[in-house]
Asks: 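I am attaching a structure below and will ask some questions about it afterwards.
Residue indices begin at 1 and follow the sequence shown. Treat the numbers as computed from the prediction; the structure is a model and nothing was measured.
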Amino acid sequence: MREFKDMKKFIGWIFALGCIMAFVGCGAQLTLKTSSVETTPLAEDELAYFNGDSFFNGEYLNIRNQFLSSLYEEPGDIDLFGLFYCGSGITETITEDELTAVMAKSGIEGSIEDLPCPCEKISRSNMDKILKEYMDLTLADTNKIGLENFVYLQEYDAYYFFHGDTNYRGNIKFFGGERKNDIIWLFYDDEFFGDGRKVLTLREKNGAYLFVANQISGDPISETQNDSESAAEYSFVFDKSMISLGSTEWELPFQLKNKEEFPSDIGDKGTRYDYGDFTVKTVSFEDQESGKKISRVLGMTSVSDKVETLRGIKVTDTLNDLKEAYPKDLYYLETDAGEFMGASYDEAYGFVPDDGTNRYIKFCLNHGIIVGIEIEDLIDGRLHVTE
């Protein structure tokens with residue numbers, strides 16, 4: 001078996017906002033796209049191409065990465081300030097006269113030797129070159145969104161911006177993709193901005209790819225069609241009922257002993273429901289379409305032998321039972337030991353399948369006997385696994 005370390009436990013804004021937006025925003029996107037029966041998942045080699053260094057990623061500055069720097073429903077609505085924030089990727093020459101003129105227009109006093117940060121230059125010709133190659137339009141064809149944030153010098157026909165920070169994302173990773181004819185949808189969790197799941201739309205043309213849109217999105221059709229079985233893995237079962245991560249409605253055959261609210265940057269508030277030997281942790285937020293308050297399950301814990309995972313593992317089962325039920329994707333938590341809901345444990349295992357989600361199941365054991373089980377989501381991605 002493999003080992004992993006550094007399990008992340010505290011729920012933060014990046015993960016939770018991603019959960020919320022994926023949940024709230026999925027309806028409209030799915031309604032739009034399920035009407036097409038011709039939409040199919042990308043082949044593994046196609047998705048690997050977009051996740052590699054051939055199109056995105058690679059060496060700095062890859063201007064293609066910057067087409068994910070803003071949201072737009074059509075090419076003309078792209079935020080040009082975000083796109084060209086770090087330049088065009090094409091070498092530009094800035095003279096002292098240009099710098100002096102940009103400083104004057106920017107209200108910066110002093111000499112160019114005293115500048116606290118460098119100046120980015122993007123000539124109109126290079127803007128047109130990038131936009132034509134990757135969107136099949138020119139600057140004049142766009143709605144010029146964000147262009148006012150640059151300083152423009154007419155005599156040089158170029159745009160300038162002083163800055164010392166960056167909006168460049170050096171590592172783009174898509175968890176899924178779909179295709180219909182020449183249209184490709186690439187799905188990703190935007191951990192750079194921390195504002196949820198998004199879908200990038202490309203159009204294939206003459207062996208190249210044009211950027212069409214970048215929008216908030218739910219899950220891919222191919223993922224949502226097959227996600228019920230995967231999601232069910234992260235559930236607790238009691239008799240004939242079940243509660244899963246992401247649930248917004250549930251009924252438990254236990255008597256509630258305590259309900260505790262805790263401050264949270266996620267939505268409105270966090271709530272922990274205590275049923276004695278079973279707990280449920282949720283976050284509340286307002287549905288953007290209906291305006292109603294919704295509570296979403298983010299985590300559950302159990303030290304009850306009346307509660308099982310989907311594969312029938314419960315407290316009092318042995319390590320052998322656990323390994324038989326989870327022969328794959330079960331990792332030993334090398335340094336994990338301590339106390340779980342009042343029960344001491346000396347080792348733990350985690351079930352973390354490669355299903356593209358951040359969910360996991362943790363099994364706490366004492367002398368080879370399971371004493372507690374936790375089902376939860378992580379903050380910002382997969383567990384860090386070492387071979």
Side-chain angles (χ1 to χ4, degrees), residues 49-94 98 101-102 105-106 118-163 165-172 174 177 179 181-188 190 192-193 195 198-217:
Y49 170 77
F50 291 113
N51 281 328
D53 294 335
S54 298
F55 189 75
F56 293 107
N57 306 316
E59 296 183 0
Y60 182 89
L61 168 86
N62 185 346
I63 193 62
R64 291 183 284 265
N65 289 23
Q66 294 295 75
F67 283 88
L68 281 69
S69 61
S70 68
L71 296 175
Y72 48 97
E73 295 185 2
E74 56 184 43
D77 288 335
I78 191 170
D79 187 316
L80 298 168
F81 186 62
L83 175 61
F84 294 112
Y85 191 89
C86 298
S88 64
I90 302 172
T91 302
E92 302 269 12
T93 300
I94 307 178
E98 286 176 273
V102 176
K105 277 202 168 187
S106 303
C119 181
E120 210 71 67
K121 173 183 177 180
I122 314 98
S123 63
R124 178 190 290 269
S125 61
N126 282 338
M127 277 192 180
D128 283 342
K129 183 177 181 179
I130 295 298
L131 290 169
K132 188 65 178 177
E133 180 176 358
Y134 295 114
M135 285 189 154
D136 199 21
L137 44 74
T138 65
L139 180 60
D141 300 323
T142 72
N143 293 319
K144 300 179 177 59
I145 294 174
L147 199 63
E148 71 280 1
N149 294 307
F150 291 110
V151 170
Y152 176 68
L153 296 182
Q154 185 174 4
E155 58 269 40
Y156 299 98
D157 198 16
Y159 296 85
Y160 306 83
F161 179 57
F162 285 106
H163 68 102
D165 59 352
T166 183
N167 74 336
Y168 184 75
R169 58 184 76 208
N171 183 27
I172 292 174
F174 301 101
R179 173 191 287 274
N181 298 325
D182 62 346
I183 297 296
I184 293 174
W185 293 280
L186 295 169
F187 296 87
Y188 65 103
D190 197 336
F192 187 89
F193 287 135
D195 55 355
K198 296 178 182 177
V199 54
L200 178 70
T201 305
L202 303 177
R203 180 163 65 91
E204 189 172 6
K205 181 179 180 181
N206 299 328
Y209 298 97
L210 297 175
F211 290 85
V212 176
N214 188 43
Q215 302 165 279
I216 296 294
S217 173

Asks: Mind checking the NZ-CZ spacing from Lys121 to Phe150? Nearest 0.5 Å is all I need.
Replies: 13.5 Å

Asks: I'd like to know if the side chain of Asp157 and the backbone of Arg124 have a donor-acceptor N/O pair within less than 3.5 Å.
Replies: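 A pair under 3.5 Å: no.
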
Asks: Side chain to side chain donor-acceptor pair (under 3.5 Å): which pairs involve residues 76-91, sequence neighbours left out?
Replies: Asp77-Asn143, Tyr85-Asp165

Asks: Are Val102 and Ile94 side-chain neighbours, meaning at least one heavy-atom pair lies under 4.5 Å?
Replies: no

Asks: Is there side-chain contact between Leu139 and Asp128, with at least one heavy-atom pair below 4.5 Å?
Replies: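 Counting from C-beta outward, Leu139 and Asp128 do come under 4.5 Å.
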
Asks: Please check this pair: side chain of Asp182 against backbone of Arg203, looking for a donor-acceptor N/O pair closer than 3.5 Å.
Replies: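 Side chain of Asp182 to backbone of Arg203, a donor-acceptor pair under 3.5 Å: no, none is there.
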
Asks: Less than 4.5 Å apart, any side-chain heavy atom of Ser70 and any of Ile78?
Replies: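 Side-chain contact under 4.5 Å: yes.
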
Asks: I want to check a possible cation-pi pair here: Arg64 against Phe50, using under 6.0 Å from ring centre and within 45° of the ring axis as the test.
Replies: no

Asks: Taking the side chain from Tyr159 and the backbone from Phe81, do they hold a donor-acceptor pair closer than 3.5 Å?
Replies: no

Asks: Sub-3.5 Å donor-acceptor pair from the side chain of Asn126 to the main-chain atoms of Ser123, do we have one?
Replies: no

Asks: Can you find a heavy atom in the side chain of Ile63 that is under 4.5 Å from one in the side chain of Ile90?
Replies: no

Asks: Once rounded to the nearest 0.5 Å, what's the spacing between atom NZ of Lys129 and atom OH of Tyr134?
Replies: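 Those atoms lie 9.5 Å apart.
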
Asks: I need the minimum non-hydrogen distance between Leu61 and Gly89, along with the two atoms involved.
Replies: CD2-N, 3.3 Å

Asks: Which label fits Phe55 and Tyr49: parallel for a plane angle under 30°, tilted from 30 to 60°, or perpendicular past 60°?
Replies: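 Tilted.
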
Asks: Using a 4.5 Å cut-off on heavy atoms from C-beta on, say whether the side chain of Leu153 contacts that of Lys105.
Replies: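 Yes, side chains in contact.
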
Asks: Any chance you could measure Ser69, atom OG, to Phe192, atom CZ, to the nearest 0.5 Å?
Replies: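 Those atoms lie 9.0 Å apart.
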
Asks: Less than 4.5 Å apart, any side-chain heavy atom of Phe187 and any of Trp185?
Replies: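 Yes - at least one pair of side-chain heavy atoms lies under 4.5 Å apart.
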
Asks: Please find the pair of heavy atoms, one from Pro75 and one from Phe211, that lie closest to each other, and give the distance.
Replies: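 Smallest heavy-atom distance, with atoms named: CG-O, 3.8 Å.
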
Asks: With a 4.5 Å heavy-atom cut-off, do Met127 and Leu147 have their side chains touching?
Replies: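 Yes. Closest side-chain heavy atoms under 4.5 Å.
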
Asks: Counting only heavy atoms from other residues, nucleotides and ligands, does the tally under 6.0 Å from CD of Glu204 exceed 12?
Replies: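 Correct, the count exceeds 12.
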
Asks: Just checking Lys144: does its NZ atom have more than 12 heavy atoms from other residues, nucleotides or ligands closer to it than 6.0 angstrom?
Replies: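 Check passes, neighbour count above 12.
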
Asks: Tell me every residue that passes ring-ring contact (aromatic ring centres under 6.0 Å, His included) with Tyr156, counting only those two or more places apart in sequence or in another chain.
Replies: none

Asks: Would a distance-only check, ignoring hydrogens and angles, find a side-chain to backbone donor-acceptor pair under 3.5 Å from Tyr72 to Phe67?
Replies: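 Flag set: sc Tyr72 to bb Phe67 pair under 3.5 Å.
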
Asks: Mind checking the OG1-CD spacing from Thr201 to Gln215? Nearest 0.5 Å is all I need.
Replies: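 With rounding to 0.5 Å, OG1 (Thr201) is 5.5 Å from CD (Gln215).
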
Asks: Between Asp141 and Gly76, is there a donor-acceptor pair closer than 3.5 Å when you use the side chain of the first and the backbone of the second?
Replies: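 Not at all, since once roles are kept as given, no pair shorter than 3.5 Å links the two residues.
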
Asks: Return yes when atom CD of Glu59 has more than 12 non-hydrogen atoms of other residues, nucleotides or ligands closer than 6.0 Å, and no otherwise.
Replies: no

Asks: Using the rule side-chain contact (heavy atoms from CB on, under 4.5 Å), only one of Leu200, Leu83, Asp190 pairs with Leu68; which is it?
Replies: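 Exactly one candidate clears the test, Leu200.
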
Asks: Can you see which heavy atom on Asn51 is nearest to which on Asn57, and at what distance?
Replies: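 Closest heavy-atom pair between Asn51 and Asn57: O-ND2, 3.4 Å.
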
Asks: Does Asn62 reach the side chain of Asp53, with side-chain heavy atoms less than 4.5 Å apart?
Replies: no

Asks: Give a yes or no answer on whether the side chain of Asn65 reaches the backbone of Arg169 with a donor-acceptor pair at less than 3.5 Å.
Replies: yes

Asks: Within this structure, what is the CG-OG1 distance for the pair Leu131 and Thr142, rounded to the nearest 0.5 Å?
Replies: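 Between Leu131 CG and Thr142 OG1, I get 6.5 Å after rounding to 0.5 Å.
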
Asks: Backbone N or O of His163 within a donor-acceptor pair of the Glu120 side chain at under 3.5 Å?
Replies: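 Such a contact is absent between Glu120 side chain and His163 backbone.
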
Asks: For Asp136, give me all partners under side chain to side chain contact (heavy atoms under 4.5 Å, CB included), at least two apart in sequence or on another chain.
Replies: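 So Asp136 forms a side chain to side chain contact (heavy atoms under 4.5 Å, CB included) with Lys132, Lys205, Leu210.
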
